[in-house]
Amino acid sequence: MRVSIVVAAAENGVIGAGGGIPWRLPDDQRLFKRLTSGHTVVMGRGTHESIGRLLPGRTTIVVSRNPDYSVAQAFVADSLEAALDLARARGESETFVVGGGSLYALALPLANGLYLTRVHAEVEGDVTFPDPAAAPGAGWKLEEEQEHAADEHHAQAFTFQRWERTGDCAGRSAARTLSALLD
Ligand SMILES: NC(=O)c1ccc[n+]([C@@H]2O[C@H](COP(=O)([O-])OP(=O)(O)OC[C@H]3O[C@@H](n4cnc5c(N)ncnc54)[C@H](OP(=O)(O)O)[C@@H]3O)[C@@H](O)[C@H]2O)c1
């Protein structure tokens, strides 16, 4: 089973503010829906509660340390590993880790793919994307890039990037590149 991270991060690494996402980019939301539909999404309890509902057309696994936590029509797992084991056991081909900050930190060392929307703004916030270069042995290669200008529906310009783990230490320079992009 493939494990992919999907995240939108500002130039300064910010991904969240006050429990929410500090921008609204409909075309990025559409991309997120297209990527994840029909698949399993794994998210931290914080993100689940900030969305406030289940995302239709996807299987949701919420990660929480609270053994009493439950979500109607979704699964709850007590670790990222348990969530991925469950998705694997259900025959999933690709599972998407969709946030927030703490789940991204857990997923970075083991993800195969990274769908990164770089939001071209410095944004104030209280949750940031972890430094990919800190992931052990992490090397990443940029496979695809698509720019989107700001317009009447998008206050910020953004660039969608698809990164693939190279799986070797020679890829460390790519990890540094990615890290630098988020500095
Ligand atoms: N820009 C983006 O692409 C994007 C995407 C998603 C979310 N966000 C933003 O990110 C923010 C939320 O991120 P966050 O880091 O505060 O919360 P989070 O990662 O969504 O959830 C944190 C919770 O996950 C559980 N958890 C974390 N690590 C765990 C572990 N090792 N084992 C078991 N459970 C664990 C804990 O739940 P319990 O307390 O129940 O144990 C913890 O309180 C929000 O602002 C949201 O809008 C941004």
Side-chain angles (χ1 to χ4, degrees), residues 3-37 39-56 58-72 74-87 95-111 113-132 134-136 140 146 148 154-163 178-179 181-183:
V3 177
S4 297
I5 289 173
V6 192
V7 60
E11 299 286 1
N12 56 348
V14 165
I15 63 163
I21 294 180
W23 49 75
R24 195 175 166 278
L25 299 170
D27 283 350
D28 187 48
Q29 286 173 287
R30 266 179 218 114
L31 188 69
F32 176 86
K33 188 172 180 185
R34 185 165 61 75
L35 273 176
T36 58
S37 283
H39 291 284
T40 300
V41 292
V42 175
M43 64 185 78
R45 180 185 56 82
T47 295
H48 167 64
E49 292 184 356
S50 81
I51 298 172
R53 63 184 172 93
L54 294 179
L55 300 173
R58 282 145 282 193
T59 299
T60 298
I61 307 179
V62 179
V63 178
S64 169
R65 292 187 184 87
N66 179 354
D68 298 325
Y69 194 70
S70 69
V71 180
F75 298 96
V76 176
D78 64 3
S79 67
L80 175 62
E81 287 73 17
L84 297 178
D85 285 348
L86 174 61
T95 288
F96 295 88
V97 179
V98 299
S102 57
L103 264 288
Y104 290 140
L106 295 171
L108 259 174
L110 49 85
L114 171 61
Y115 298 93
L116 169 65
T117 299
R118 293 187 52 206
V119 180
H120 298 307
E122 300 274 327
V123 177
E124 277 188 34
D126 48 24
V127 184
T128 54
F129 190 66
D131 181 353
W140 294 89
Q146 217 176 303
H148 191 301
H154 302 80
Q156 297 88 0
F158 59 96
T159 302
F160 168 74
Q161 297 181 328
R162 183 169 65 82
W163 295 80
L178 177 53
S179 170
L181 291 176
L182 290 169
D183 275 351

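In this text the structure is predicted, and so the values were computed from the model without any measurement. Read the numbers this way: they start at 1 and go in the same order the structure lists the ligands and their atoms. Just the heavy atoms: all of them, side chains too, but no hydrogens, waters or symmetry mates, feed the values below.
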For Ile15 and Val7, what are the C-alpha separation, side-chain angles and deciding distance, and is it a side-chain contact (heavy atoms from CB on, under 4.5 Å)? CA-CA 8 Å; Ile15 63 163; Val7 60; 3.7 Å; yes
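- The backbone N or O of Trp163 lies less than 3.5 Å from no partner atom in the side chain of Tyr115, so there is not a single donor-acceptor pair.
- Listed as neighbours of ligand 1 are Val7, Ala8, Ile15, Gly16, Ala17, Gly19, Gly20, Ile21, Trp23, Gly44, Arg45, Gly46, Thr47, Ser50, Val63, Ser64, Arg65, Asn66, Asp78, Val98, Gly99, Gly100, Gly101, Ser102, Leu103, Tyr104, Leu106, Val127, each bearing a heavy atom under 4.0 Å from the ligand.
- Within the 4.5 Å cutoff, the side chain of Val76 has no heavy atoms near those of the Asn66 side chain.
- Here CG of Leu31 is found 7.5 Å from CD of Gln146. Values are rounded to the nearest 0.5 Å.
- Judged by distance alone, with hydrogens and angles left aside, the side-chain atoms of Ser50 form no donor-acceptor pair with the main-chain N or O of Gly20 at under 3.5 Å.
- For the residue pair Ala8 and Asp28, the shortest heavy atom distance occurs at CB-OD2, 3.8 Å.
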